[in-house]
Amino acid sequence: MKRRKRFHTKFIFITGGVLSSLGKGLAAASIGALLEARGLRVTFQKLDPYINVDPGTMNPFQHGEVYVTEDGAETDLDLGHYERFTSAQMSAKNNYTSGKIYYSVITKERKGIYLGGTVQIIPHVTDEIKSVILELAGKEVDVAIIEIGGTVGDIESLPFLEAIRQLGYDLGKENALYIHLTYVPYIKTAGELKTKPTQHSVKELRAIGIQPDILLCRTDRFLPPEIKKKIALFCNVEEDAVITAKDVDCIYEIPLIFHQEGLDEKIVEKLNIWTREPDLTPWQDLVKRFKNPKDEVTIAIVGKYVNLKDSYKSLNEALIHGGLANHLRVNLKYVLSDELTPENLGEFFQDVDGILVPGGFGIRGVEGKMLAIKYARERGIPFFGICLGMQLAVVEFARHKLGWKEAHSTEFEPNTPYPVIYLMKEWYDYRKGTRERREEGCDLGGTMRLGAYPCLLAKDSKVYQAYKQNQIYERHRHRYEFNNLYREAFEKAGLRIVGTSPDGELVEIVELEDHPWFVGVQFHPEFKSKPLNPHPLFVDFIRASFERKKA
Ligand code: GLN
């Protein structure tokens, strides 16, 4: 590895200690927001210690949502935080797992690239890690923020920590900064904040050769000066580099708290970067709106992962963004779809103003979701169907409006006489610029349509009124599509096709005539919503839901 000064890009390495779930991803994203507010251009990378090559096949129960990037990479949900807090655009090169790193080392070994040498963690795996980190450097990036998943002390994360330790040396002091997120619990019985877990965590980090420059201390109150002093002394950091990462009600308040604690000032000082003072008014406005809503709406999310809120991370955020744009608090009511029966629908939905059926895979709960869709359709309740939610809206309409009782998606009933949602045999792929073909009989193994695709909107539609654009780009993650054979029948009966691929072949958006707001989209709009730039469909869905509430 050549030594330093090849790039102008500086690196911040973020590690976590004591326990998981302290909010490392949000801390990284908030640091990015602050640096951007100072006029710097940032990018991010998440390095995940698990062996899966990517999170695409991981169970959302265990791992939370799979975040899809513009270029169609299936990534860790922290990349969603990065995009929501900044203007950085994430892609495949912004998320690596141990699995992906080892895969490429082993592939190189098989190809003989190591010339018969003994392939080892150090230097081969660590060099591979260093090279994917350095890939982020470039003219257009001032600061790259690298988040190491897991907790210091885990066996799995050691190669990553060793790689970033080496990089500190390679890049030089003013080009690499180590920030460590730890936990400072308040112990009620003692009436005291305890610094010991932090001391141990930093000791662990120093044992592998990393001296943190800045400590972010997750806690429920602002740390008093004497506690900061104590932590500074024991952990060998400057007193003003001990930053309170206080619990918040609104995650968009984190950048403001960090700024108040002097974090961004400390970072630019240590990295020796000259910038203007940050302009944080947009974030302040946002938090003000969050804390003083004019009114509220309740949205039911009908899905099967409702017990784990992380499974619908981007969706939850997008709904909150839609609320903020309308000065409304959004109460999310999670409804487990397999608990729904025709008899108990009223119980679940009587107090909701809008119903949303999100994306999903597998047959469990599918019938319950359709009960919810029918309920929304028949009662004029605003309905938003996303991906599987859209597909089921199509199936429900076929069954009950077109009278095709056995209509289904071939994902769930391969032999249905009315395959209104099916695996398309052939289509033009705008991303690859080629015609894609699927083999006869190909089922789950079929490749997914992943990432951003263009979609043309019908001028006289509700979605056009929301987007105010002819052509949009939205992110996909699905195998099945609307079956064009039935297009005319649907349109005649009142389910309009208002968004298609530019060649008209793929149905991307359906909308119900004679309904206040009933929209199904084949894509995942939630991935592109940001608090400072809320997604038009979520803004409009919340607006329509509030209108219904007032009526
Ligand atoms: N299971 C459906 C498909 O593969 C929908 C996927 C989704 O909702 N993301 O097409």
Side-chain angles (χ1 to χ4, degrees), residues 8-16 22-46 78 81-88 136-137 140-148 164 168 171-182 184 211-219 222-223 225 228 231-232 235 237-248 250-288 290 530-532:
H8 117 126
T9 307
K10 300 188 183 240
F11 288 83
I12 297 178
F13 300 106
I14 304 188
T15 54
L22 289 180
K24 224 182 318 146
L26 282 168
S30 301
I31 289 170
L34 286 173
L35 296 180
E36 231 180 34
R38 284 180 171 263
L40 297 170
R41 294 155 311 166
V42 299
T43 192
F44 298 86
Q45 192 173 57
K46 175 83 190 282
D78 277 330
H81 291 310
Y82 307 159
E83 285 202 346
R84 283 189 285 275
F85 276 73
T86 69
S87 59
L136 295 180
E140 61 301 330
V141 180
D142 297 316
V143 182
I145 301 167
I146 316 296
E147 178 190 345
I148 315 292
I164 65 166
L171 294 162
K173 212 167 171 32
E174 286 179 354
N175 298 313
L177 188 75
Y178 298 99
I179 299 185
H180 187 58
L181 174 65
T182 83
V184 180
Q211 166 63 55
D213 299 290
I214 296 175
L215 295 178
L216 300 177
C217 304
R218 179 72 190 270
T219 169
F222 284 102
L223 300 180
K228 287 194 176 182
I231 293 174
C235 300
V237 297
E238 293 158 21
E239 228 174 283
D240 60 356
V242 181
I243 305 288
T244 305
K246 198 177 106 41
D247 299 347
V248 286
C250 169
I251 54 171
Y252 303 117
E253 200 176 350
I254 301 172
L256 299 175
I257 296 207
F258 280 177
H259 176 67
Q260 189 187 325
E261 285 281 298
L263 176 60
D264 48 314
E265 189 59 47
K266 198 73 200 165
I267 291 174
V268 294
E269 175 199 312
K270 291 225 165 244
L271 288 176
N272 194 17
I273 310 175
W274 289 90
T275 74
R276 59 169 194 241
E277 275 295 299
D279 176 13
L280 296 174
T281 19
W283 295 98
Q284 284 155 350
D285 287 349
L286 203 65
V287 172
K288 223 180 275 163
F290 185 92
K530 300 179 183 219
L532 299 178

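- Looking at Leu22 and Leu216, their side chains never come closer than 4.5 Å, going by heavy atoms from C-beta outward.
- Remark: Lys246 engages Phe222, Thr244, Ile257 in a side chain to side chain contact (heavy atoms under 4.5 Å, CB included) (not counting sequence neighbours).
- Note that CD1 of Ile12 and CD1 of Ile267 are 4.5 Å apart. Values are rounded to the nearest 0.5 Å.
- Applying the side chain to side chain contact (heavy atoms under 4.5 Å, CB included) test between Ile243 and each of Leu223, Leu263, Val237 identifies Leu263 as the sole match.
- Among pairs with a residue in residues 26-40, those fulfilling salt bridge (Lys or Arg N to Asp or Glu O under 4.0 Å) read Arg38-Asp264, Arg38-Glu265, Arg38-Glu277, at least two apart in sequence or across chains.
- When side chains are defined from C-beta on, Ile145 does not count as touching Ile179, because their heavy atoms never get closer than 4.5 Å.
- For the residue pair Leu256 and Leu280, the shortest heavy atom distance occurs at CD2-CB, 3.9 Å.
- Lys530 places a side-chain N or O within 3.5 Å of a backbone atom of Thr86 that can act as its donor or acceptor partner.
- Using a 30° and 60° split on the angle between ring planes, Tyr82 and Phe44 fall in the parallel class, below 30°.
- Looking at heavy atoms from C-beta onward, Lys10 lies out of side-chain contact with Asp142 at the 4.5 angstrom threshold.
- For the atom pair CD1 (Ile164) and CD1 (Ile146), the distance works out to 9.0 Å, reported to the nearest 0.5 Å.
- Legend: residues meeting side chain to side chain contact (heavy atoms under 4.5 Å, CB included) with Leu532, ordered by chain and number and at least two apart, are Pro282, Trp283, Leu286.
- Not one N or O on the side chain of Lys46 forms a donor-acceptor pair closer than 3.5 Å with the backbone of Asp78.
- Between Phe11 and Ala137 the shortest heavy-atom distance is CZ-CB, 4.1 Å.
- Every side chain to side chain contact (heavy atoms under 4.5 Å, CB included) that Lys24 has, sequence neighbours left out, goes to Ile14, Glu147, Leu181.
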Practice item. Go through Thr275 and Leu35 one step at a time and tell me if the side chain to side chain contact (heavy atoms under 4.5 Å, CB included) criterion holds. Key: CA-CA 9 Å; Thr275 74; Leu35 296 180; over 6 Å; no
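- In this view, Phe13 and Tyr178 satisfy the ring-ring contact (aromatic ring centres under 6.0 Å, His included) rule, not counting sequence neighbours.
- To the nearest 0.5 Å, atoms CD (Glu253) and CG (Asp247) are separated by 11.0 Å.
- For the pair Leu177 and Val143, the minimum side-chain heavy-atom distance is 4.5 Å or more.
- Using a 4.5 Å cut-off on side-chain heavy atoms (C-beta onward), Ile231 and Thr182 make no contact.
- Residues His180 and Leu215 have side chains in contact (heavy-atom distance under 4.5 Å, counting atoms from C-beta outward).
- Scanning all heavy atoms of the two residues, the minimum distance from Cys217 to Val242 falls at SG-CG1, 3.8 Å.
- Distance check, rounded to the nearest 0.5 Å: CD of Glu269 to CD of Glu238 gives 6.5 Å.
- In this structure, CG on Leu26 lies 8.5 Å from OH on Tyr252, to the nearest 0.5 angstrom.
- The shortest distance between side-chain heavy atoms of Val141 and Leu136 does not fall below 4.5 Å.
- Using a distance-only test at 3.5 Å, with no hydrogens or angles considered, a donor-acceptor pair links the side chain of Gln211 to the main chain of Cys235.
- When the salt bridge (Lys or Arg N to Asp or Glu O under 4.0 Å) test is applied to Asp213, no partner is found at least two apart in sequence or on another chain.
- Nearest heavy atom pair, residue Arg218 against residue Gly23, reads NH1-N, 4.3 Å.
- Taken from CG in Leu271 to NZ in Lys266, the straight-line distance is 11.5 Å, to the nearest 0.5 Å.
- When all heavy atoms are compared, the tightest approach of Gly168 to Ala176 is CA-CB, 4.0 Å.
- Leu171 and Asn175 get closest at one heavy-atom pair: O-ND2, 2.8 Å.
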